[in-house]
Every structure is written in C-alpha cells, then in structure tokens.
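The structure under discussion appears below in the form of structure tokens.
Along the sequence shown, the residues carry numbers beginning at 1.
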Amino acid sequence: MAITGATAMDAPFFRGLGLSDKIWNNGPISFQIQWFQQIAATVCGNDCKRYLRESLVVFGEFGGNDYNAMLFGNYNPDQASRYQCFNGLNGVPLNEILSATA
C-alpha cells in the first residue's frame, strides 16, 4: 500500500501551513490504510486474522516527507521540529490494523 513520496499528514494539514505546493501527491497514510482495509478480504479470504498473523507486515517510517515539505518550504529545522506529524493523525484506525494481525 506504500506510495512514493507519501506523507503522514493529509493535504489540509499542509494547506494550513502554506505548504501545499511542496507535496507532490495526495496519498497520506490514512488513504493507504483505507486501501488496505478495502482489499483485505480479497487478499486474505475469510480468515484475515490468520492470514496476516502468518505474514510479514511492515508498518513504519512515517513523517519524513512531512518534514521535508517544511524544510523545502523554508521552515528551519527548529520550526519543522515543532510539528509531530504522526501524532496528529485523526481517524486513522491503527488499532484495527494492529489487532487484525495479533
């Protein structure tokens, strides 16, 4: 479900910072999780919990492109470090994804 250049935060976050021209796609982590949920039954059949428990699932390295957008938008490192991009995600059902693999 990964998208090259994806961000953790969605487009309104960057618009609010005046940085919408610094991101070049609209595939934040929340979209990627939604896509995973939409195709999960097709991929793993009726027993997703068992299928995913026996699979390698890599979930991580978030926020790098978010901070890059700020730095390319002339924020200095101190200004960019004030934003905890991944901590601000709302509505992302991480617990649902994690419990599906437990």
Side-chain angles (χ1 to χ4, degrees):
M1 306 282 86
I3 299 174
T4 301
T7 57
M9 303 304 291
D10 59 11
F13 173 80
F14 294 102
R15 272 195 300 276
L17 296 176
L19 297 172
S20 56
D21 64 326
K22 303 301 178 207
I23 57 171
W24 53 275
N25 73 47
N26 190 21
I29 190 65
S30 60
F31 287 10
Q32 295 173 54
I33 291 171
Q34 288 172 12
W35 296 333
F36 173 79
Q37 290 177 314
Q38 290 169 1
I39 69 157
T42 303
V43 171
C44 56
N46 293 331
D47 194 359
C48 267
K49 191 168 227 159
R50 188 178 127 252
Y51 181 87
L52 292 173
R53 192 174 30 243
E54 296 173 359
S55 302
L56 173 63
V57 176
V58 179
F59 194 83
E61 194 178 351
F62 304 108
N65 291 317
D66 302 69
Y67 292 114
N68 285 340
M70 292 179 213
L71 296 173
F72 292 135
N74 294 322
Y75 280 58
N76 66 44
D78 183 54
Q79 290 169 312
S81 70
R82 293 182 192 150
Y83 294 92
Q84 295 183 9
C85 295
F86 192 66
N87 289 340
L89 293 175
N90 290 322
V92 175
L94 295 179
N95 288 334
E96 289 179 32
I97 300 297
L98 295 174
S99 68
T101 63

Among residues at least two apart in sequence or on other chains, which ones pass side-chain hydrogen bond (donor to acceptor under 3.5 Å, both in side chains) with Asp78?
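Scan of Asp78 (side-chain hydrogen bond (donor to acceptor under 3.5 Å, both in side chains), adjacent residues dropped) gives Arg82.
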Suppose we screen for side-chain contact (heavy atoms from CB on, under 4.5 Å). Which residues come up paired with [X], at least two apart in sequence or across chains?
X: Pro77; value: Leu71
X: Asn74; value: none
X: Ile3; value: Ala6, Asn25, Gln32, Trp35
X: Asn68; value: Asn65, Phe72

Apply the test side chain to side chain contact (heavy atoms under 4.5 Å, CB included) to residues Phe36 and Val43: give CA-CA distance (whole Å), side-chain angles for both, the deciding distance (0.1 Å), then the verdict.
CA-CA 9 Å; Phe36 173 79; Val43 171; over 6 Å; no
[X] side, atom [atom1]; [Y] side, atom [atom2] - distance, nearest 0.5 Å:
X: Tyr67; Y: Gln79; atom1: OH; atom2: CD; value: 13.5 Å
X: Arg15; Y: Asp21; atom1: CZ; atom2: CG; value: 12.0 Å
X: Lys49; Y: Cys44; atom1: NZ; atom2: SG; value: 12.0 Å
X: Arg53; Y: Asp47; atom1: CZ; atom2: CG; value: 7.0 Å

Would one find more than 12 heavy atoms of other residues, nucleotides or ligands at under 6.0 Å from atom CG of Asn76?
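Atom CG in Asn76 is packed in, count exceeds 12.
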On a heavy-atom basis, which atom in [X] and which in [Y] lie closest, and how many Å separate them?
X: Cys48; Y: Ala40; answer: SG-O, 3.4 Å
X: Met70; Y: Ala80; answer: SD-CA, 3.8 Å
X: Ala69; Y: Phe14; answer: CB-CE2, 3.9 Å

Going by heavy atoms in the side chains, are Leu52 and Glu54 under 4.5 Å from each other?
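Counting from C-beta outward, Leu52 and Glu54 never come under 4.5 Å.
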Would you indicate whether the side-chain heavy atoms of Phe13 and Thr7 approach each other to under 4.5 Å?
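No - every pair of side-chain heavy atoms lies 4.5 Å or more apart.
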Under 3.5 Å donor-acceptor, Asp10 side chain and Pro28 backbone
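No: the side chain of Asp10 does not pair with the backbone of Pro28.
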